[in-house]
Each structure stands twice: as C-alpha cells, then as structure tokens.
Asker: 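Sharing a structure here in structure tokens format.
Atoms within each ligand, like the ligands themselves, are counted from 1 in listed order. For reference, positions follow the sequence shown, starting with 1.
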Amino acid sequence: MRTLDTFDAGIIGAGPAGIAAAVQLARHGVRAVVFERESTGGLLRTAWRVENFPGFPGGISGPALAAVLDEQLRASGALLVRAEVASLDREEEFLIVRTDGRGVRCRAVIVASGTRPRGVTDPDIAPDAMDRVFREVDELRGVRGGHVAVIGGGDAAFDYAMSLSEKNDVTVLVRGNSTRCLPILATRARSRKRVTVRMLTRITAVAKGSGGRLRLTSLSEGGDGGSVRADLDADYLVLAVGREPDDGFLSEELRRDAPTLGERRELLFAGDVVNGIFRQASIAAGQGTHAAMKVAAMLRENVGAGVGSEETGVADSQGESR
Ligand code: NAP
C-alpha cells in the first residue's frame, strides 16, 4: 500500500458541528481535512427557520445560516474533500479515513456525520410509487403548486410543512393523538391556510393512482373508537418519521469500543450523530468547538506544537483546498 497522506486532524461531516470544529482547529493552528459527501451545512439546508442560534435575533432561515457557516469554513483554510467516507479504522497510532479508493491517516478524528432517515416498515409503499416518496425534504425544493403529504408529528414534520407550504398545499398526517414537536411550530403550521393537520391518522399503504399521483390508504380513528377509512391523494409524500446516527463507516473495532470512545481524545463525536432527539444546530456547533479544543490539547501533548500536516494533493479530483 502506498504511504497515505497524513493530517493532524480529520473531520467527518461539514454540518454545524464539523464546521465549528474546523474553525476552532484553525484557531489552534491545526490544519484539518473535512470530508463531506453533500453540500456543507448538513440538515440546516432543509430547515425552515433557526431561532435559537446565538447571533441571529429574530431567527434566520436554515439555508441562509448554512451559507454563513460555509463562508466561515472557507475562511478557516481547512481542506474540504467532497466524498463519502467508506470506513474509519485504527492502524497503530493513526485513524485511517477511507473514501472510495483513497485514504488519509489522521492523528485525531472528529466524527460529525449527522443522521440519516430511519428505516420504517410501514406504510407499505408500492415500488412504482417510490419516485414520489422522499425522506429528505430538500429534494422537493423546486416543487410548487402541488399537494404534499407529510407523515410524522415531530419537529421535522412541522418544519417541513412550513417550508413546503410556501409553494404547495400540505397535509401533515400524525398517527397519534398528540404531536411531539415544539408547540410553537404546530401552532404556526396550523395557522397557515395551506397546511392541514390530520391527527389519529395512520397511513397503511401508498400506491400510484390515476395520473401518476399517489393514493394513500388512510385509517382515521372514528368517534366510536373504530377505524374509518379516508383515503388521500397527493403529488408527493415525505416521511418525517425520525432519524438515526449516520455512523455506518465505523470499523468493528471502533464500534466495539464505543462505550469508551468518549474518553479518547483522538476520536471524538460531535453533533446530531450522538445527540438523539437533541438535534439543534446551536448544540452541535458548541460540541464541535469543544471536540476541537480537546484534539488541539491532545496534539500539543503528544505531537508537540507546530507539527503540521504532510498532505500531498489529497484533494485533487475530489476535493477543494480552502
Ligand atoms: P421525532 O421527534 O422522533 O418524531 C418522529 C415522528 O414520527 C413522531 O411523531 C412519530 O410518531 C412519527 N412516526 C415514527 N414512525 C412512524 C410511522 N411508521 N408512521 C407514522 N408516524 C411515525 O423526530 P424528528 O421530527 O426528526 O425530530 C427529532 C429532533 O430533531 C427534535 O427533537 C429536534 O431536536 C430536532 N429537529 C428540530 C427541528 C427544528 O428545531 N426546527 C427540525 C427538525 C428536527 P409517535 O409520536 O406516535 O411515535
């Protein structure tokens, strides 16, 4: 195997946690390599409004905040590699980050890889209907004048309803008799003319109906406690039914060590990948900064100040030096 390029710090993910980590590492004089398979900003790109990120009184739209963070990442001088991380493994004193066909070795890695949509078995979705069913709302950004059904009763479902209803009619389908989202989000969505919220509504099947539209088989609870069938047609369906950590690239060994990883200063986790339901950009950014400070302290102790990265064009075709 050819010698791998070496970096002091690798960051997996360029959402708020990863960007904050890169910015803080730059302040310590540590040059980092950041891996991101999509656009920078993470789920901020899909957020209707962020109201609790300090510095933005009155709030800021998710895409606008993502753009500000992207600018800060550029200014940090971190090297951005636009590629999906396939594996993260330990080899002697290094952590090896591999993308398709390439690898770099890092003295420390901050995993800030966020979440991916959780797999669900219901509703039962016909294969030919899948082209109109989405798990990530940014894929519907260009859609206007349609009817979008959103399944879910959490912050994500209501946040999506707010952004989608700017150009479409939206029906939010909540299976229970209460929502999990912030009350203020539900109140706002309900006050929008183009948003309908149907509680106690379970979608059991999704098929392609006439004209290529979706036909959602829906069971709503009737007054007598029984179920009433009330099908629904929609142009698109968004499943906002929860997310899970996007950490499938961790090696068996690192996964086995997971309970002790929090104590290791060469492998740290920050942001949504470890935050469960506490997925907020402001929390993620703080954790990214915190992780970067720990990495910088570890490098100072173990490697000595002033040790830089010996990178040799790792970015060429896949990355951009920033
Ligand atoms: P969540 O709070 O876990 O909500 C998931 C929703 O999906 C629940 O209403 C759940 O119903 C429903 N559900 C799950 N499986 C289902 C199925 N098979 N059929 C129908 N419904 C199903 O997840 P989330 O909305 O992704 O939010 C998680 C966290 O992300 C939040 O706590 C928040 O911190 C963060 N977040 C924040 C914002 C924001 O601030 N604007 C936006 C997005 C996310 P049950 O309640 O019946 O289980």
Asker: Are any of the N or O atoms of A156 closer than 3.5 Å to those of ligand 1?
Answerer: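 Looking only at distances, the answer is yes, because the N/O contact criterion of under 3.5 Å is met.
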
Asker: Answer with side chain, backbone, both or neither: which part of R279 has a heavy atom less than 4.0 angstrom from an atom of ligand 1?
Answerer: both

Asker: Looking at residues at least two apart in the chain, or sitting in another chain, which of them share a salt bridge (Lys or Arg N to Asp or Glu O under 4.0 Å) with R229?
Answerer: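 With neighbours one apart ignored, the set is D231.
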
Asker: With a 4.0 Å heavy-atom cut-off (strictly under), which part of R118 contacts ligand 1: side chain, backbone, both or neither?
Answerer: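 For R118, the contact with ligand 1 is made by the side chain alone.
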
Asker: With sequence neighbours excluded, tell me which residues meet salt bridge (Lys or Arg N to Asp or Glu O under 4.0 Å) with R45.
Answerer: E38, D138

Asker: Quick one: are L95 and L267 in side-chain contact, heavy atoms under 4.5 Å?
Answerer: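 The answer is yes, as the side chains (C-beta and beyond) meet within the 4.5 Å cut-off.
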
Asker: Give yes or no for whether the N/O distance cutoff of 3.5 Å, strictly under, is met between G153 and ligand 1.
Answerer: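 Yes - when backbone and side-chain N and O of G153 are compared with those of ligand 1, one distance drops under 3.5 Å.
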
Asker: Which residue and atom name correspond to the protein heavy atom nearest atom 21 (N) of ligand 1, and how close is it?
Answerer: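 Result for atom 21 (N) of ligand 1: R175 CD, 3.6 Å.
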
Asker: For ligand 1, note which part of D122 has a heavy atom under 4.0 Å away: side chain, backbone, both or neither.
Answerer: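 Answer for D122: both.
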
Asker: Kindly indicate whether the side chain of L79, heavy atoms from C-beta on, has any atom under 4.5 Å from the side chain of V34.
Answerer: no

Asker: Ligand 1 versus I277, non-hydrogen atoms closer than 4.0 Å: side chain, backbone, both, neither?
Answerer: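 Both backbone and side chain.
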
Asker: Give the numbers and elements of all ligand 1 atoms closer than 4.0 Å to a heavy atom of G154.
Answerer: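 Listed by number with element: 2 (O), 4 (O), 6 (C), 9 (O), 25 (O).
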
Asker: Does the N or O separation between Q280 and ligand 1 drop below 3.5 Å for any pair?
Answerer: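 For ligand 1, there is an N or O atom that lies under 3.5 Å from one belonging to Q280.
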
Asker: Are R49 and S61 close enough, and set up right, to give a side-chain hydrogen bond (donor to acceptor under 3.5 Å, both in side chains), and what steps lead you there?
Answerer: CA-CA 4 Å; R49 200 142 195 90; S61 80; 5.5 Å; no

Asker: Would you please determine whether A240 falls within less than 4.0 Å of ligand 1 on a heavy-atom basis?
Answerer: yes

